[in-house]
Amino acid sequence: MSKDLVTREANYSQWYNDIVTKADLAENSAVRGCMVIKPYGYAIWEKMQQALDKMFKETGHVNAYFPLFVPKSLFEAEEKNAEGFAKECAIVTHYRLKNDPDKPGKLMVDPHAKLEEELIVRPTSEAIIWSTYKGWIQSYRDLPLLINQWANVVRWEMRTRLFLRTAEFLWQEGHTAHSSEKEAIEETERMLEVYADFAENFMAIPVLKGVKTENERFAGAVNTYCIEALMQDGKALQAGTSHFLGQNFAHAFDVKFANKEGKLEHVWGTSWGVSTRLMGALIMSHSDDKGLVLPPKLAPFQVVIVPIYRTDEEQSLVSSKSLEIKKELEKVGVSVKFDNRDTHKPGFKFAEHEFKGVPLRIAIGPRDVENGTVEVARRDTLEKSTLLTSDLSVKIVHLLEQIQQNLYDKALDFRTNNTHKADTWEEFQRLLDDKGGFISAHWDGTPETEEKIKELTKAAIRCIPLNNNKEQGKCIFSGNPSNERVIFARAY
RNA sequence: CGGGAUGUAGCGUAGUCCGGUCAUCGCGCCUGGUUUGGGACCAGGAGGUCGCAAGUUCGAAUCUUGCCAUCCCGACCA
């Protein structure tokens, strides 16, 4: 466990990988680039899903499910989208295997079972969904169409990393259709707000809301909004995107509706998604050199109770007290695990739960039962205190709220301390190499300049912040005039 | 896909240059006993196609070739 954990300073990426695997979140599988999400990691993802799903429904969306496969002819209909994803598609070309006559016991692809038309394993579902929407939308009365799906997608990435970039990943993708441009833009912005709200209030990660530059825009979108988070190593992570699709997909798939005047118009679209990459963001934002740190709102269990005893008699005494406390806490909505394994010593359990990021630990021994107390340890600050069991549930609820808030505050402080303005090229480069982080700087607005800066420094424009202050200045690279700062960073 | 590194028991490793007496050690695992308020101790035990496949050789963990996987650096990307 943590005695084997390399420090963040010594090797950040190894630290990350160690946490993912040693905290039992996920592991590499027999399939290149694809991970197995283990029960403890999946439980966190389920918490995320539950919270997000509720928020989607509260904003009027419903869930549906569309096929994994997209016929190539549909996939290529929206040209920019198809071109953008073409280089990372898995393609199904056959539908049958047969015994290999040359190798007994082995199978081979049956050459007679070639598909008429290849199927693309979805890298994103716009094509299959918009081709379906064509049949669902005739009138303005059919709009807006507000649908989300929870699914897996495949993008054949060259270099993968657990949660941050895997060939197959889990996500949700919302796909909506509207009768006006204004309404579609409102939807795009609404969902960005939902993502920001989720990141800040559940994940305890402050995020920067903004729009992408043309270079970084989703293939097939008119405008891409994003939330950007800053990781502890000073690199940025795109945590969610919301796209205004204009009428691009409506044109590509001929999706039209009759308006109130009886005239046919193309519908306006949006799509938005977050993925299991959020797991990576969660890990890298809060965890420390002792292991994972989880915000209470997303922890599979918020409190672990570790009983301490020597004799059978003590064990039954301590156990019944533990169960009593567990019940009391569950009554006020706190999730509790009673770790009554008799195969491990308390010290081992302390270390294990600490490594796995359980927000609060309660230890109960015979002494506590006698005194009417418990020992409570916070994972975020590692502070221990002895609390009277009277009103314990109220105190625990309060502590969990404090931990949630403290994690957010710490992450926000970190981001504040690692966001800098640069006004010259030298300053820009120095900031990048010294500290990384977000760098706020003037840019002349051209893709060429953005590209050159990226080439020279590996830093890209993460976003143009929403509600950005207008300010006259000169592009740090070209010296041409600029009327606002944008956010640069090296990114995952 | 380009550059670099690695692959030996569940994990971490020694051995590879210089082929044979070589499958090493620690953790973990199993059994028994003593333990239990911060990662227990003693004794005994099990566990291996040395990544996979061909080749060279009397003989391959060790040499050659191909493939696969992982990590790091690029390009690509949520």
Side-chain angles (χ1 to χ4, degrees), chain A residues 1-6 11-14 16-18 21-22 27-35 84-89 103 106 123-124 152-173 195 212 215-219 224 226-229 236-243 271-281 290-291 306-312 314-315 318 340-355 361-371 373-375 377 382 384 386 454-455 458 460 462 491-492:
Chain A
M1 290 289 173
S2 81
K3 64 181 169 190
D4 303 323
L5 183 64
V6 68
N11 188 340
Y12 192 83
S13 62
Q14 198 195 332
Y16 173 81
N17 285 332
D18 282 355
T21 53
K22 291 178 180 171
E27 61 186 36
N28 281 308
S29 70
V31 189
R32 181 196 191 115
C34 297
M35 64 181 162
F85 285 102
K87 285 174 290 180
E88 43 187 336
C89 285
K103 296 176 187 163
K106 302 284 184 189
T124 180
N152 58 339
V153 286
V154 169
R155 296 181 187 176
W156 213 261
E157 299 290 351
M158 292 306 169
R159 268 184 73 196
T160 59
R161 292 195 67 191
L162 292 167
F163 289 121
L164 294 173
R165 182 171 297 104
T166 45
E168 179 195 21
F169 57 90
L170 305 184
W171 75 347
Q172 59 69 217
E173 45 183 327
Y195 288 154
K212 288 289 185 190
N215 276 350
E216 304 275 329
R217 192 177 292 155
F218 176 74
T224 288
C226 62
I227 52 171
E228 292 285 328
L237 184 80
Q238 179 173 306
T241 46
S242 184
H243 314 293
S271 68
W272 27 274
V274 296
S275 71
T276 36
R277 173 179 251 201
L278 288 180
M279 294 284 293
K290 287 182 174 297
V306 177
I308 294 153
Y309 52 82
R310 291 164 203 270
T311 62
D312 287 353
E314 283 180 352
Q315 183 182 7
V318 164
N340 61 348
R341 289 175 297 175
D342 59 4
T343 49
H344 295 276
K345 292 177 63 180
F348 179 91
K349 295 177 186 179
F350 290 177
E352 183 177 66
H353 295 301
E354 212 160 81
F355 193 87
R361 180 186 70 236
I362 297 179
I364 308 177
R367 255 180 2 232
D368 292 305
V369 178
E370 199 177 317
N371 299 336
T373 60
V374 293
E375 183 194 79
L382 300 168
K384 286 194 270 194
T386 303
K454 193 174 175 184
E455 240 179 72
K458 295 178 205 160
R462 301 315 301 160
Y492 278 97

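Naming: A, B, ... by sequence-line order, numbering from 1 per chain.
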5'-most contact on RNA chain B (nearest-nucleotide basis), A:Glu157 vs A:Val374, goes to A:Val374
- Item | Side-chain donor/acceptor of A:Lys458 to base of B:G74, under 3.5 Å | no
Among the nucleotides B:G37, B:G74, B:U70, whichever has the atom closest to the side chain of A:Lys345 is B:G37
From the candidates B:C71, B:U36, B:C73, the one with an atom nearest any side-chain atom of A:Arg310 is B:U36
Per atom distances to the A:Arg367 side chain, the nearest of B:C71, B:G38, B:G37 is B:G37
Ignoring hydrogens and angles, are the base of B:G38 and the side chain of A:Glu354 linked by a donor-acceptor pair under 3.5 Å?
yes
Regarding the side chain of A:Arg32, the nearest nucleotide among B:G74, B:G38, B:U70 is B:U70
Whichever of A:Glu88 and A:Asp342 has the more 5' nearest nucleotide on RNA chain B, that residue is A:Asp342
By the Watson-Crick or G-U definition, both distances under 3.5 Å, B:G59 is matched with none
Self-check item: hbond_proxy A:Arg361 side chain to B:G38 base (donor-acceptor, 3.5 Å cutoff)
Solution: yes
Heavy-atom check, side chain of A:Glu168 versus side chain of A:Val31, under 4.5 Å: no
Applying the 3.5 Å cut-off to both distances, the Watson-Crick or G-U partner of B:A5 turns out to be B:U70
